[in-house]
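Report on one structure; see the data block that follows.
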Amino acid sequence: MHDARRPAAAGRFSGLRRLLDRVFPPTPGSQRVARRPSALVYGLNDPVPPASLVPLAAQHAMLAVTFLIYPILAATEAHLPAEQVSAMLSACALSIGLATIVQCLRSRFGSGYLAVHIPAAGAIPLAVQAMTLGGLGLLAATTFTVGLVQIFVARLVRPLRVLLPPEVCGVAVTMLGVSLAGPALRRALGIEAGSTLQIVPGAVGTSAITLGVIVAITVFAPRRLKLFAVFTGASLGWVLAVLLGTDHPGTAAAIGAAPLLAWPELSLPTLRLDVSLFPLMALLVVMNLVDVLSVTVSLEKMNDADWRRADMRAAQRAVTACGIGNMLNGLTGGFQAGLSSSSVGLAFATQATARVIGLAAGALIFAIAFFPKAIVALTLIPSPVIGGILLYTSAYLVVAGMDLIVSRRLSERRVFVVGLSVLAGLSVALLPLREQIHGVLQPLFSTPLTMAACSAIVLNLLFRIGIARETGEEVPEGAHAFPFARDFLERQGDLWGARRDVIAAAIPIVAQALELVTDSGLADDAIELRARFDEAHLDVYLLYHGEIVQPPKERPPPEALLGDAKEVAGFAAYMLQRLSDQVHFGRSHGRARIALRFDH
């Protein structure tokens, strides 16, 4: 009987596995091997010795926990009692710690990059409305629902690849830095939120020392010391803040009042949903998609010296991990979370992107939930110190986004996609638009990132109208091969937004193929040059009526260049096979064809 049950059980488990594979596709078995940037101290898969791992992970954990200020702000606005605020912070620390571990593991549920989860600033309006309407129960239900939707929306990330070319991702990354600049400058200058513009000299000095130490160590120190740039800058900044009186008042009393060790006070609130919050929840899901893509693209570029395009599989898994984290937050009474752009700047400062650092950071964040005194201490890091760290992160993200934008050839259409989107984002930073917008749409205007990224996606769709993905042109008789191939490919490269290096590499190879046909007399009449682009490949075709080129199976001797036209053509065909990513000689619709493929 035992043997008879085994096939049935195996069938049930195989069905479950197929369902799991459909909802959460497994990681691909073979991928292009990324070339490690020379500046990295610890790359993605490198082991990190404990002497470096502990301080590196502690820096990420310390920075992540400081963002617990967001649920504190939301809870204060909703007038929650102190014991509920404490329970929310503990639940949030547990959930983002576990979500960070899931995110950093290379599995079907995580991106495998050093991406740390933090409470999401954009979720504050939703949290305030939810807690005001229905307390922690409504907040928990909305957070859980957002996470559940994120898991299923993750499957839409890969088809969105055509909507998110590098210039759109570049706009998002750039405006991610601009979004951080506002709060960073307010903290660095000592300007309280909602107060008049009054600079505090002590805050300026504290943030300047913090930023200066981080930059000095990052630029001038040996590689191993760069690992501790943020930790050193934050430590010296905190000491200076105490001396100048720019730290939080009552810090010592607040830390002393908190217990050293305690079990987290978790409770599942009575769940309920409010239909009026659905539009805001949907908007937050979209904002999370943009935010995740911005962070993962930045991390991909840091880990791959030959980065070409966004890895949509990794982005899909990253969104899945965010959904899992928010479901955990909903079940434990925490706060909606997302990926930390600050951790990207920290990884850049330390030049350490090993996923084991993220795993250790997640474990530390999780453990902090059992140490209320540590949570209180980390949420009371002086504001100017955080401002100095955020200024460094903002500067890195702005430059990284610009680098993404200029990696592609920019036609007039793409110039306007980038320019108008950046202006849309800056309008949110410079003008008080948020207060004049309906409450449901206010999160869209809450940061320059959301406005710029959404504008870039819409404008990219709009300006794609009228661009053919395949086009051709007849080669005039007597035309010089190189100038003709250069003008044709550069013109189409501008329209398609192809990478500059790919177009530059394709021009001489296409010119050589054109010379092969014209100089050898293979074509009986006019030659047509066609090109096709699909974001992954650039395909170039030479079509003509005449004889098919027959490349030699073995390398021809140099003397073949001195032979007849057929031998010269064979030598040129052999060289084309060696220079292009793929080449095929054959016929298409009755015409001879040379097909050249260049990986994009």
(request) Using the side chain to side chain contact (heavy atoms under 4.5 Å, CB included) rule, take Leu426 and Val178 through it: C-alpha gap first, then chi angles, then the decisive distance, then the call. (result) CA-CA 8 Å; Leu426 290 177; Val178 173; 4.0 Å; yes

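- A salt bridge links Asp403 to Lys301: at least one charged side-chain nitrogen sits closer than 4.0 Å to a carboxylate oxygen.
- Panel note: side chain Thr174, backbone Val171; no donor-acceptor pair is recorded below 3.5 Å.
- Side-chain atoms of Glu490 do not come within 3.5 Å of backbone N or O of Asp487 as any donor-acceptor pair.
- Annotation: His545, atom NE2; neighbour count of heavy atoms from other residues, nucleotides and ligands within 6.0 Å is above 12.
- Inspection of the Ser111 and Gln103 side chains reveals an N or O donor paired with an N or O acceptor under 3.5 Å.
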(message) Determine whether Tyr42 and Leu56 satisfy the following criterion, side chain to side chain contact (heavy atoms under 4.5 Å, CB included), listing intermediate values before the conclusion.
(response) CA-CA 11 Å; Tyr42 295 116; Leu56 284 172; 4.2 Å; yes

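- The main-chain N or O of Ala456 is found under 3.5 Å from a side-chain atom of Ser421 such that the two form a donor-acceptor pair.
- At least one donor-acceptor pair closer than 3.5 Å links the side chain of Asn303 to the backbone N or O of Leu299.
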(request) Please report the C-alpha distance between Cys322 and His117 in whole Å, then the side-chain angles of each, then the deciding distance to 0.1 Å, and finally whether the side chain to side chain contact (heavy atoms under 4.5 Å, CB included) criterion is met. (result) CA-CA 8 Å; Cys322 287; His117 286 239; 3.7 Å; yes

(request) Evaluate the criterion side chain to side chain contact (heavy atoms under 4.5 Å, CB included) for residue pair Met175 and Met451; output intermediate values, then yes/no. (result) CA-CA 9 Å; Met175 300 313 293; Met451 192 62 201; over 6 Å; no

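- Using a 4.5 Å heavy-atom threshold, the side chains of Thr350 and Val41 count as separate.
- You'll find the side chain of Asn45 reaches within 4.5 Å of the side chain of Arg355, heavy atoms only.
- The line from CD1 of Ile594 to CD1 of Ile548 is 10.0 Å long, rounded to the nearest 0.5 Å.
- Contact check on Glu528 versus Arg591 returns a salt bridge, with a Lys/Arg side-chain nitrogen under 4.0 Å from an Asp/Glu carboxylate oxygen.
- Between the side chain of Asp46 and the main chain of Gly43, a donor-acceptor pair closer than 3.5 Å is present.
- Counting heavy atoms from C-beta on, the side chains of Leu63 and Ile118 never come closer than 4.5 Å.
- Listed here is the closest heavy atom pair of Leu44 and Gly112: CD1-O, 3.5 Å.
- Of the inter-residue distances, the one linking Leu339 atom CG with Tyr113 atom OH reads 13.0 Å to the nearest 0.5 angstrom.
- At distances below 3.5 Å, at least one donor-acceptor pair connects side-chain atoms of Arg317 with backbone N or O atoms of Gly110.
- We find the CD1-CD1 distance between Ile101 and Ile96 to be 11.0 Å, quoted to the nearest 0.5 Å.
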